[in-house]
Structures are given as structure tokens and as C-alpha cells.
There are 2 protein chains.
Amino acid sequence: MTSTDQPQRPAVRPTRQRRAVAAALAGFDDFRSAQEIHDLISRQGDSVGLATVYRTLSTLAEAGEVDMLRNEDGEAIWRSCSDTHHHHLVCRTCGATVEVEGPAVERWASRIAEEHAYAEISHTLEIFGTCPACR
Amino acid sequence: MTSTDQPQRPAVRPTRQRRAVAAALAGFDDFRSAQEIHDLISRQGDSVGLATVYRTLSTLAEAGEVDMLRNEDGEAIWRSCSDTHHHHLVCRTCGATVEVEGPAVERWASRIAEEHAYAEISHTLEIFGTCPACR
DNA sequence: CGACTTTTGAGAACCATTGTCAAACCGAGG
DNA sequence: CCTCGGTTTGACAATGGTTCTCAAAAGTCG
């Protein structure tokens, strides 16, 4: 390290496209597919390639800034999230989402994993249903 | 109904292909993709079309005879299962699976749903990790 | 400004899954 | 054993979400 030190900073640049994706994400609070988000952006006047939307969403997900989960068809759906670990109650029809926490469940999961000597645990826990408005 | 009565029996026929899929399923106890199952069948000497494998697996899943869930890439994976409601602890590397039950989690999920007035609830809860053998 | 690196976009490529439809098959009567 | 009508199958095309490719465009920093 020559100067100060920060040898391999990923160097993520704040581009127009990334700002557009962020803005789109800020505009809804339910889960949307990448393509829906792409449409939203177009509708807002910006133009961002679909591949870029996918790339940006993946990056944000890795950084923990958005949640990505899969709907019952296996499609990836995304939304911005709070930074604490949580799960979701998602409306199958309109996508309306409630963030829920379940500390007891977390504990249960790690206990189960431990009992069976599984390491590097991750878990998925999502609840799907029909929200009051969609009944 | 003319004769006795049994108006719309689906009439599922026990064909060679369906038997082959069942046999393949009986041959492993971890989760496999449809394509892997298809390969397995070929390797066992039978010949069953891929589309038929998919159709049979879907049918079995609807009948509750196999579990279908999605791995972290969104691919459907399948295995035969016990008939009680349960979840899974799945090895990310080799697919080794442990069926686990969590009555407390079930209760927690329905309480959460009720609190938010969501109906027709379903939930997914799977734990992924690395099994002792794959460490 | 200039050199260098990251990012983008258009479209091709991938690949799991589902649809299509004629041919093969099954089971029940006759 | 033969026929009839619905069921199932398989080869292949078609879908559709997601990723890859690669040259052009845009940031970064001196």
C-alpha cells in the first residue's frame, strides 16, 4: 500500500442508472420483480437497461440494502428493506408486504442446525397470504 | 350418474413411466432437480421423457406425496416425504436433508398472519447449511 | 486534458419449465 | 381377443426469467 491504505476498494460509482434504480425502489414498499422495476423506471422517464437493473439489484442485495426472495413460481422479487434481519408476510395477489421479526424462530433454526451439526446456516422464512384489501 | 356413482374420478393410471419416477424417488432421500431425477431414471435403464418426469413430479407434489421446494437459485428440487407437515434442513453442497418439525413456528406464523388479517396463509421455511460430511 | 477502470446497453445465449399434438397406451365392454 | 374412448407420452418447439458478451460511454483522479 503506497499512499494511505485501502488496497481493494470495490469502487462503486454513483451513476445515473444506479440512482434511478434506488429511486424506483424508494417508490414502492412491496416486492416487485426486476422487470416490473425496470418498467417503473421507464415510466418515470429514465432509461436503464434491463441487465443493469439486474446487476444493480444484485449488488444492492449483496450489500444488504434490498431483500430478494422468490415468489411461488421461483421468480426473484425485490424491495428495499430495513437493515435488521427479518422476514415477510406477503400478499399473493397485490404484493403488499409486512416485515415481521421472529427472534424465537431464529433461535429455533440455529438450534436445529446445531443439533444436526450443520454449519454456515442460512434460512428462508416467508409467509404468503391474501391481504385484507384483496379478500 | 348412470351406474353406481363416481362422476369425475381423475383416473390416474399406473404406467411404466410413473412407476419409474416413483422408483427413482425411492432411491434417494435428498432433494434433486427434475433433470437429475430424469438422468437417474435413464441410468437405471428406463426411458422416460423429461416432460413426463415434470408432469409426474407435479402430480405427486399436488397429491402431497413429494415435497417440492426451491434452492437458492430458484430451481425446483424434489424428494419423497412423509405426509405430515414439516420443513427441511438441507445441505447446500450435497443436498443431504433432514426433515424437521416446528409446531411453535407454525403457531407463530398463523398468529402473525392473523394479526395482520391475512387469509389463506401458506409459508415456506427451509434451512440451508453445510452438513458435517461436507465441511 | 489524459490514462485507466468501471459501467452500461443491446442483443445473444442460457436453461429450467411448460405447451403442443399426433401416436401409443390403458382398461372396460362386447 | 377386438374395439372404443379417454389418458398418457414423447419429441420438439416455445416461453420467459436471468446472465453473458463486448465494444462504446462515462467516472475518477492526477
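All heavy atoms count here, side chains included; hydrogens, waters and symmetry mates do not. Within every chain, numbering begins at 1; the chains are lettered A, B, ... in the order of the sequence lines, protein sequences first and strands thereafter.
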Q: What is the distance from NE2 of A/His38 to P of C/dG11, rounded to the nearest Å?
A: 12 Å
Q: Between atom CD in A/Glu72 and atom P in C/dT17, what is the gap in whole Å?
A: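 One finds 16 Å between P of C/dT17 and CD of A/Glu72, rounded.
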Q: Between D/dG10 and B/Gln17, is there an OP1 or OP2 to side-chain N/O distance shorter than 4.0 Å?
A: yes
Q: Would A/His87 and A/Glu99 count as having a side-chain donor-acceptor pair, cut-off 3.5 Å?
A: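 There is no such pair between these side chains.
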Q: Looking only at side chains, do A/Glu126 and B/His123 share a donor and an acceptor under 3.5 Å apart?
A: no
Q: Return the 5'-most residue of the pair B/Ile77, B/Pro14 with respect to DNA chain C, ranking by each residue's nearest nucleotide.
A: B/Ile77
Q: If I take atom CD1 in residue A/Ile37 and atom C1' in nucleotide D/dT18, what distance separates them, rounded to the nearest angstrom?
A: 14 Å
Q: Please state whether the phosphate of C/dT5, meaning OP1 or OP2, lies under 4.0 angstrom from any side-chain nitrogen or oxygen of A/Arg13.
A: no
Q: Whole-Å distance between D/dG16 P and A/Gln35 CD?
A: 10 Å
Q: Do A/Ser58 and A/Arg55 meet the criterion of a side-chain donor-acceptor pair at a distance under 3.5 Å?
A: no
Q: Does B/Arg16 place a side-chain N or O at less than 4.0 Å from the phosphate oxygens OP1/OP2 of C/dC26?
A: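 It does not, given that no N or O in the side chain of B/Arg16 lies less than 4.0 Å from OP1 or OP2 of C/dC26.
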Q: Would you mind reading off the distance between A/Glu75 atom CD and D/dT15 atom P, rounded to a whole angstrom?
A: 17 Å
Q: Establish, with yes or no, whether the OP1 or OP2 oxygen of D/dT8 is under 4.0 angstrom from a side-chain nitrogen or oxygen of B/Thr15.
A: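 Checking D/dT8 against B/Thr15, no side-chain N or O comes under 4.0 Å of OP1 or OP2.
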Q: Report yes if at least one side-chain N or O of B/Arg55 is closer than 4.0 Å to OP1 or OP2 of D/dT8; otherwise report no.
A: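 So the side chain of B/Arg55 is outside the cut-off, no N or O lying under 4.0 Å from OP1 or OP2 of D/dT8.
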Q: What is the separation between atom CG on A/Leu50 and atom P on C/dA12, rounded to the nearest whole Å?
A: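 One finds 15 Å between P of C/dA12 and CG of A/Leu50, rounded.
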Q: Which whole-number value in Å describes the distance from A/Leu57 CG to D/dG17 P?
A: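 Rounded to the whole Å, the gap is 15 Å.
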Q: Nearest to the side chain of B/Arg18, heavy atoms from C-beta on, is which of D/dT8, C/dG9, D/dT18?
A: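 Taking heavy atoms from C-beta onward, the closest nucleotide is D/dT8.
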Q: Any donor-acceptor pair under 3.5 Å linking the side-chain atoms of B/Glu101 with those of B/His86?
A: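 B/Glu101 and B/His86 do not have a side-chain donor-acceptor pair below 3.5 Å.
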Q: Take atom CG of A/Asn71 and atom P of D/dG16, then tell me their distance rounded to the nearest Å.
A: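 From A/Asn71 CG to D/dG16 P: 15 Å.
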Q: Would you say A/Tyr54 reaches D/dT18's phosphate, i.e. side-chain N/O to OP1/OP2 under 4.0 Å?
A: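 Yes.
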Q: Going by an N to O cut-off under 4.0 Å, is there a salt bridge joining A/Glu72 and A/Arg92?
A: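 Looking at A/Arg92 together with A/Glu72, the answer is yes, because their closest N to O distance falls below 4.0 Å.
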Q: Regarding A/Ser33, tell me which of base, sugar-phosphate or nothing describes its non-hydrogen contacts under 4.0 Å with the strands shown.
A: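 A/Ser33: no heavy atom of the nucleic acid under 4.0 Å.
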